[in-house]
S.K.: 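Mind looking over this structure? Questions follow.
The analysis underlying the following values was restricted to heavy atoms, covering all of them including side chains, and did not include hydrogens, waters or symmetry mates. Letters A, B, ... are given to chains in the order of the sequence lines, protein chains preceding strands, and every chain is numbered from 1.
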Amino acid sequence: MNQQVKDLSRHAGETVTVSGWIAALRVHARVAFVVLRDGTGVVQGVLVKSQLPADLWELATSLTQESCIALTGVVRPDERAPGGHELTVTGIELIGASDEYPIQPKEHGVEFLLDHRHLWLRSSMQRAGLRVRAEVEQAIHDFFYERDFVRIDTPILTGAIGESAGTLFETDYFGDRAFLAQTGQLYVECACPAFRKVYCFGPTFRAEKSKTRRHLTEFWMIEPEVAFADSNDNMDLQEDFICSIVARALDRCGPELEVLKRDLSTLQRVQPPFPRISYSEAVARLNAEGRDFEWGRDLGAVEETTISSWFDRPVFVYNYPKGAKAFYMKENPDDPRTVLCNDLLAPEGYGEIVGGSQREDDFDRLLARIREEDLPEDAYDWYLDLRRYGTFPHSGFGLGLERTVGWITGRPHIRELVPFPRLINRLKP
RNA sequence: UCCCGCGUAGCUCAGCUGGUAGAGCAGACGGCUGUUAACCGUCGGGUCGCAGGUUCGAGUCCUGCCGCGGGAGCCA
């Protein structure tokens with residue numbers, strides 16, 4: 001009977017068949033070991049020459065790494081086996097032979113691995129990282145579903161909208177110009193009067209020529225938007241949300257986090273409340289430490305790392321200077337030099353994983369900001385309509401999926417947390 | 001766009017103050033009952049990123065270009 005490797009412990013003593021790919025093959029004079037990966041787990045098959053027909057031994061010992069085979073054998077508990085069970089092989093069927101496999105069980109360079117990303121996916125750390133990603137994605141949908149959010153799918157092809165036009169991918173649209181979306185936020189705002197609590201989750205595109213371990217040109221972003229929520233409500237939601245998905249990963253991805261050698265103690269500390277520090281307080285403290293940081297400048301990577309080092313869990317930095325932030329953020333009534341917004345900085349140097357704000361709901365002030373930023377006014381007429389027909393206080397945020405999963409898995413580069421990363425110089429495979 | 005670093009065998013790398021190329025892994029063959037990135041032996045394998053320059057002689061020194069990595073900026 002055909003079985004999955006993950007279920008083998010329930011079939012001790014039985015003869016089963018498992019199908020998969022050869023992860024490793026070690027041939028001795030009278031015994032051989034084949035490590036089979038079937039997508040649900042890994043099992044070692046033991047082949048004893050004296051107990052196999054000559055042609056089967058010949059076939060088995062001539063197999064190559066990553067050949068696809070079906071192994072038939074008796075499930076046998078064995079303390080020496082990594083999964084606790086081995087297969088004493090009685091039959092082998094070759095399903096698909098493999099040419100010489102490029103990725104060896106050894107260290108490789110980044111360029112080589114990315115060139116072979118279509119094969120690299122089979123490696124254990126990659127499987128672990130992508131499985132955590134899938135679990136986090138499911139946790140995200142569950143979190144919002146359980147809180148009565150309605151999922152709104154926003155367009156990928158757009159006219160020129162977003163935060164700044166200089167970083168958009170342009171494409172031809174029947175003779176007109178179109179751009180790949182860099183955010184779904186303006187669209188989910190429009191869905192708020194229809195559904196009150198909404199979110200979008202999809203790919204976004206940035207044509208920034210960034211070459212760092214925190215950047216992709218195509219990444220997945222989750223963007224909730226909530227009517228009648230102010231900036232503090234917004235941070236409360238982010239806090240619940242982050243705690244929920246981290247707890248889910250800890251609960252459901254133990255084996256994967258172990259493969260990734262993740263230090264779980266920093267994840268276990270991700271409990272409410274997160275520290276909240278205003279931009280102005282952060283600047284004062286930076287200067288008190290001798291940083292000589294001028295109020296009004298945006299925080300850079302160095303400052304963010306310093307700030308997150310003050311705390312043992314994610315930290316909110318809120319109410320940045322207006323000049324450092326996007327046009328749609330609401331002016332702070334208590335300090336008009338600032339806007340009601342927040343970033344969430346992940347610990348351990350992973351940087352900004354969330355950016356959120358209360359939105360400007362006053363028609364005149366929003367229009368003034370669009371003009372100040374020299375944005376194409378007619379492109380935003382529909383967005384301004386939201387302030388014309390029953391405007392309302394609302395807030396939302398965007399969470400970068402790959403950065404978040406990069407932090408949860410502890411991987412150094414977020415390119416490993418998306419199946420096929422799109423980087424500034426990489427469009428293949 | 002700027003700054004720093006790196007391009008040598010299929011892969012990962014060594015190659016000194018210049019003297020014409022080396023290891024491990026992978027591959028092929030042989031050996032070995034329990035291996036976990038198995039081990040031992042033999043063999044095949046090179047436009048030293050590209051172009052120019054200095055020199056009797058360049059993988060090595062110089063210049064330019066290309067590619068890659070990291071960082072800055074910008075952002076999630």
S.K.: Assign A:K49 to base, sugar-phosphate, or nothing according to its heavy-atom contacts below 4.0 angstrom with the strands shown.
M.R.: nothing

S.K.: Taking the C1' atom of each, how far is B:G53 from B:U60, in whole Å?
M.R.: 15 Å

S.K.: Figure out the CG/P separation between A:D115 and B:G49, and round it to whole Å.
M.R.: 18 Å

S.K.: Quick check on B:U36: is either OP1 or OP2 less than 4.0 Å from any side-chain nitrogen or oxygen of A:R26?
M.R.: no

S.K.: Using heavy-atom distances to pick each residue's nearest nucleotide on RNA chain B, tell me which of A:L423 and A:E303 is more 5'.
M.R.: A:L423

S.K.: Out of B:A76, B:G70, B:G34, which nucleotide sits closest to the side chain of A:D78?
M.R.: B:G34

S.K.: Salt bridge check: are A:R276 and A:D236 linked by an N-O gap of less than 4.0 Å?
M.R.: yes

S.K.: Whole angstrom is fine here: how far is it from CD in A:E107 over to P in B:A23?
M.R.: 22 Å

S.K.: Does A:R403 contact B:C75 through a side-chain donor or acceptor facing the base, at a distance under 3.5 Å?
M.R.: yes

S.K.: In whole angstroms, how far is the P atom of B:U36 from the NE2 atom of A:H85?
M.R.: 22 Å

S.K.: Partner lookup for B:G22, please. Criteria are Watson-Crick or G-U wobble with both distances under 3.5 angstrom; report none if nothing qualifies.
M.R.: B:C13

S.K.: For A:V48, report the nucleic acid contact type (base, sugar-phosphate, nothing); a contact means any heavy atom under 4.0 Å.
M.R.: nothing

S.K.: Report yes if a donor N or O on one partner sits less than 3.5 Å from an acceptor N or O on the other, where the partners are the side chain of A:E111 and the base of B:G7; otherwise report no.
M.R.: no

S.K.: State plainly whether the residues A:E373 and A:K322 are in salt-bridge range, i.e. N to O under 4.0 Å.
M.R.: no

S.K.: Given that A:K211 and A:S50 both sit by RNA chain B, which one's nearest nucleotide is further toward the 5' end?
M.R.: A:S50

S.K.: A:E86 near the nucleic acid: base, sugar-phosphate alone, or nothing, with a heavy-atom cut-off under 4.0 Å?
M.R.: base

S.K.: Rounded to whole angstrom, note down the P distance from B:C43 over to B:G7.
M.R.: 30 Å

S.K.: Using the P atom as the reference point in each nucleotide, state the distance between B:G45 and B:G22 in Å, no decimals.
M.R.: 13 Å

S.K.: Could you give the CG-to-P distance, from A:D298 to B:C74, as a whole number of Å?
M.R.: 6 Å

S.K.: May I ask you to decide if A:R122's main-chain N or O and A:R127's side chain share a donor-acceptor pair within less than 3.5 Å?
M.R.: yes

S.K.: Quick one, A:H28 with A:F33, criterion side-chain contact (heavy atoms from CB on, under 4.5 Å). Give me CA distance, side-chain angles, the key distance, then yes/no.
M.R.: CA-CA 8 Å; A:H28 300 249; A:F33 303 94; 4.0 Å; yes

S.K.: Considering only the P atoms, how many Å lie between B:U12 and B:U35, rounded to the nearest integer?
M.R.: 30 Å

S.K.: In whole Å, what separates the P atom of B:C6 from that of B:U20?
M.R.: 24 Å

S.K.: Reckon A:L216 touches a base, only the sugar-phosphate, or nothing at all at heavy-atom distances under 4.0 Å?
M.R.: base

S.K.: Without decimals, in angstroms, what is the distance between A:I424 CD1 and B:C74 C1'?
M.R.: 12 Å

S.K.: Under 4.0 Å: is that the gap between some side-chain N or O of A:K209 and OP1 or OP2 of B:U1?
M.R.: yes

S.K.: Please report the distance separating the P of B:C29 from the corresponding atom of B:G69, rounded so that it comes out in whole Å.
M.R.: 37 Å

S.K.: So, does the side chain of A:H28 form a donor-acceptor pair with the base of B:C39 at under 3.5 Å?
M.R.: no

S.K.: Take atom CG of A:L345 and atom P of B:C75, then tell me their distance rounded to the nearest Å.
M.R.: 14 Å

S.K.: Rounded to whole Å, how long is the line connecting atom CD of A:E208 with atom C1' of B:U1?
M.R.: 14 Å

S.K.: I'd like to know if A:H215 reaches the base of B:C75 with its side chain, counting only an N/O donor and acceptor under 3.5 Å.
M.R.: yes

S.K.: According to the 5.5 Å centroid and 30° plane-angle thresholds, does A:F33 stack upon the nucleobase of B:G34?
M.R.: no

S.K.: Would you indicate what A:L399 reaches in the nucleic acid, counting non-hydrogen atoms under 4.0 angstrom: base, sugar-phosphate, or nothing?
M.R.: nothing

S.K.: Return the pairing partner of B:G44 with a 3.5 Å limit on both distances, Watson-Crick or G-U wobble; otherwise return none.
M.R.: none

S.K.: How is A:Q104 classified with respect to the nucleic acid when contacts are heavy atoms under 4.0 Å: base, sugar-phosphate, or nothing?
M.R.: base

S.K.: Of all the choices, B:G24, B:C75, B:G71, which nucleotide is nearest to the side chain of A:T212 once you look at every atom?
M.R.: B:G71

S.K.: Among B:C25, B:A76, B:G34, find the nucleotide with the atom closest to the side chain of A:F219.
M.R.: B:A76

S.K.: On the six-membered ring of A:F179, is A:R177 placed so that its NZ or CZ lies under 6.0 angstrom from the centre and within 45° of the ring axis?
M.R.: no

S.K.: Could you check which nucleotide pairs with B:G5 in any of the strands shown, counting Watson-Crick or G-U wobble with both distances under 3.5 Å?
M.R.: B:C68

S.K.: Rounded to whole angstroms, how far apart are CD on A:Q44 and P on B:A38?
M.R.: 10 Å

S.K.: Is the backbone N or O of A:E135 less than 3.5 Å from a side-chain atom of A:Q138, with the two atoms forming a donor-acceptor pair by type?
M.R.: no

S.K.: Nearest to the side chain of A:M221, heavy atoms from C-beta on, is which of B:G24, B:A38, B:A76?
M.R.: B:A76

S.K.: Pick base, sugar-phosphate or nothing for A:D343, based on heavy-atom distances below 4.0 Å to the nucleic acid.
M.R.: nothing

S.K.: Taking 4.0 angstrom as the limit, do A:R133 and A:E402 come out as a salt bridge?
M.R.: yes

S.K.: Answer with yes or no after comparing the ring centroid distance for A:F327 and A:Y380 against a 6.0 Å cut-off, counting only values under it.
M.R.: yes

S.K.: When all nucleic acid strands are considered with a 4.0 Å heavy-atom cut-off, which category describes A:G300: base, sugar-phosphate, or nothing?
M.R.: sugar-phosphate

S.K.: Can a side chain N or O of A:R415 be found less than 4.0 Å away from OP1 or OP2 on B:G70?
M.R.: yes

S.K.: For A:Y145, look at atom OH and say whether over 12 heavy atoms of other residues, nucleotides or ligands are found less than 6.0 Å away.
M.R.: no

S.K.: In the structure shown, which nucleotide is the Watson-Crick or G-U wobble counterpart of B:A37, with both distances under 3.5 Å?
M.R.: none

S.K.: Is any side-chain nitrogen or oxygen of A:N425 closer than 4.0 Å to OP1 or OP2 of B:G67?
M.R.: no

S.K.: Is the shortest side-chain N/O distance from A:R214 to OP1 or OP2 of B:A76 below 4.0 Å?
M.R.: no

S.K.: What about A:T167, does its side chain sit under 3.5 Å from the base of B:C74 through a donor-acceptor pair?
M.R.: no

S.K.: What distance, rounded to whole Å, do you find between the two P atoms, one in B:G59 and one in B:A76?
M.R.: 50 Å

S.K.: Searching all strands shown, indicate the nucleotide that pairs with B:A76 (Watson-Crick or G-U wobble; both distances under 3.5 Å).
M.R.: none

S.K.: Which part of the nucleic acid does A:A32 contact within heavy-atom distance under 4.0 Å: base, sugar-phosphate only, or nothing?
M.R.: nothing

S.K.: Would you please confirm or rule out a distance under 4.0 Å between OP1 or OP2 of B:G70 and any side-chain N or O of A:H413?
M.R.: yes

S.K.: What is the pairing partner of B:A51, taking Watson-Crick or G-U wobble pairs with both distances under 3.5 Å in any strand?
M.R.: B:U63

S.K.: Going by heavy atoms in the side chains, are A:R359 and A:L340 under 4.5 Å from each other?
M.R.: no

S.K.: For B:G15 and B:A51, measure between their P atoms and round to the nearest Å.
M.R.: 25 Å

